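Lettering of chains follows the sequences in order, A, B, ..., and the numbering in each one begins at 1. Nothing here was measured: the structure is a model prediction, and the numbers come from that model.
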There are 2 protein chains.
Amino acid sequence: MKTVKNKDLKSLDQFVDEQYGKKGTKKRDIFEKGYEEFKLGFILQQARLEMGMTQEELAEKVGTNKGYISRIENNIKDIRISTLQRIIEKGFGGHLELAIKI
Amino acid sequence: MKTVKNKDLKSLDQFVDEQYGKKGTKKRDIFEKGYEEFKLGFILQQARLEMGMTQEELAEKVGTNKGYISRIENNIKDIRISTLQRIIEKGFGGHLELAIKI
DNA sequence: TTAAAAGTTGTATTATAAGACAACCTTCAT
DNA sequence: ATGAAGGTTGTCTTATAATACAACTTTTAA
């Protein structure tokens with residue numbers, strides 16, 4: 001069992017600060033922009049659009065309303081993992097997959 | 001833009017029911033057992049043990065208490081994605097990665 | 001250019017995660 | 001067998017996600 005020392009560990013934020021500079025610098029801004037596509041809201045929106053669904057149709061499948069979907073796609077809300085699971089399973093069927101399970 | 005019909009979509013639960021039978025049947029039980037290792041709690045616990053951390057040490061890094069960590073590892077709690085992110089970043093440094101970002 | 005559809009935002013209510021901490025089990029080394 | 005370290009569980013408080021719905025803005029098709 002390999003032991004890792006505390007000092008070896010750094011958060012993603014620390015790492016990004018070191019690699020791309022602090023927020024506000026040009027280099028960091030470029031990174032942040034590219035990073036957008038890893039954001040959950042973006043991923044879900046892309047998947048929805050690829051399937052030609054409206055927010056309302058997705059909401060219907062998932063069992064919620066379009067307002068909530070909109071907020072998620074715009075990264076306005078933190079969500080529970082169970083909610084993400086539900087969105088992916090009910091909303092996207094086999095078209096998206098979540099590798100973890102609560 | 002490819003269109004997918006509603007009837008083509010099924011939830012993971014539906015899929016598993018069809019493939020392995022309903023809960024309680026032998027075939028399904030075997031599946032459920034194998035499935036354990038995809039559960040978040042299991043994944044986090046494995047990672048923690050591989051790094052030779054105690055729940056208390058992990059809790060310290062993440063900024064919470066060992067009771068909370070215990071519940072997560074035992075899949076007793078649903079958690080927010082931001083919380084998962086924090087656990088992975090602060091608790092595991094570069095040793096685990098989360099592909100999505102809130 | 002305008003009407004309908006799609007998407008966003010404000011706000012109130014309810015459900016539940018997060019956080020804290022103590023008491024209690026379990027494991028393991030001596 | 002016993003004490004200490006590690007892990008689990010009960011329970012309370014606080015923060016916030018989920019839900020709902022209406023009003024509003026933006027986009028799109030005719």
Worksheet entry | Spacing of A:N74 atom CG relative to C:dG7 atom C1', expressed in whole Å | 9 Å
Discussion item. Test your reading of the model: is there a side-chain donor-acceptor pair from B:R86 to the backbone of B:V62, 3.5 Å cut-off?
Written reply: yes
Worksheet item: Among C:dA6, D:dT19, C:dA17, which is the nearest nucleotide to the side chain of B:D78?
Response: C:dA17
Fill in: Options D:dT19, C:dT8, D:dA18, nucleotide nearest the side-chain atoms of A:R86
D:dT19
Discussion item. Do A:T64 and A:T83 have side chains that approach each other closer than 4.5 Å (heavy atoms only, starting at C-beta)?
Written reply: no
Worksheet item: Ignoring hydrogens and angles, does a donor from either the side chain of B:N65 or the base of C:dA20 sit under 3.5 Å from an acceptor on the other?
Response: yes
Practice prompt. May I ask you to evaluate whether B:R48 reaches the phosphate of D:dG7, defined as a side-chain N or O under 4.0 Å from OP1 or OP2?
Written response: yes
Worksheet item: Within this structure, what is the CG-to-P distance between A:L58 and D:dA18, rounded to whole angstrom?
Response: 14 Å
Worksheet item: To the nearest Å, how far apart are A:I81 CD1 and C:dT16 P?
Response: 16 Å
Discussion item. How many whole angstroms separate atom CG of B:L84 from atom P of D:dA17?
Written reply: 15 Å
Worksheet entry | Side chain proximity check, B:F42 to B:N75, heavy atoms < 4.5 angstrom | no
Worksheet entry | Atom-to-atom span, CG of A:N75 to P of C:dT8 - whole angstrom | 11 Å
Discussion item. Side chains of A:F92 and A:R48, heavy atoms from C-beta outward: is any pair under 4.5 Å?
Written reply: yes
Worksheet entry | Side chain of B:K66 - closest among D:dG6, C:dG7, C:dT8 | D:dG6
Response to the item:
Among the nucleotides C:dG7, D:dT8, C:dT8, whichever has the atom closest to the side chain of B:Q55 is D:dT8
Practice prompt. Compare side-chain N and O positions of A:T64 against OP1 and OP2 of D:dA18 and report whether any pair is under 4.0 Å apart.
Written response: no
Discussion item. In whole Å, I'd like the distance from the CD atom of B:E56 to the P atom of C:dC21.
Written reply: 12 Å
Discussion item. On the side chain of A:R71, is there an atom forming a donor-acceptor pair with the base of C:dG7 - under 3.5 Å, no angle test?
Written reply: no
Practice prompt. May I have the distance from B:E60 (atom CD) to C:dG19 (atom P), rounded to whole angstrom?
Written response: 14 Å
Discussion item. Between A:S70 and C:dG7, is there a contact of a side-chain N or O with OP1 or OP2 at under 4.0 Å?
Written reply: no
Item to complete: Send over the distance from A:I79 CD1 to C:dT16 P, rounded to a whole Å.
Response: 16 Å
Item to complete: Output yes when at least one side-chain N/O atom of B:R80 is less than 4.0 Å from OP1 or OP2 of C:dA15, else no.
Response: no
Worksheet item: Heavy atoms under 4.0 Å, any strand shown: does A:T54 hit a base, just sugar-phosphate, or nothing?
Response: sugar-phosphate
Worksheet item: Taking it one step at a time, do B:M53 and B:K61 satisfy side chain to side chain contact (heavy atoms under 4.5 Å, CB included)?
Response: CA-CA 10 Å; B:M53 275 191 287; B:K61 278 184 201 167; 3.3 Å; yes
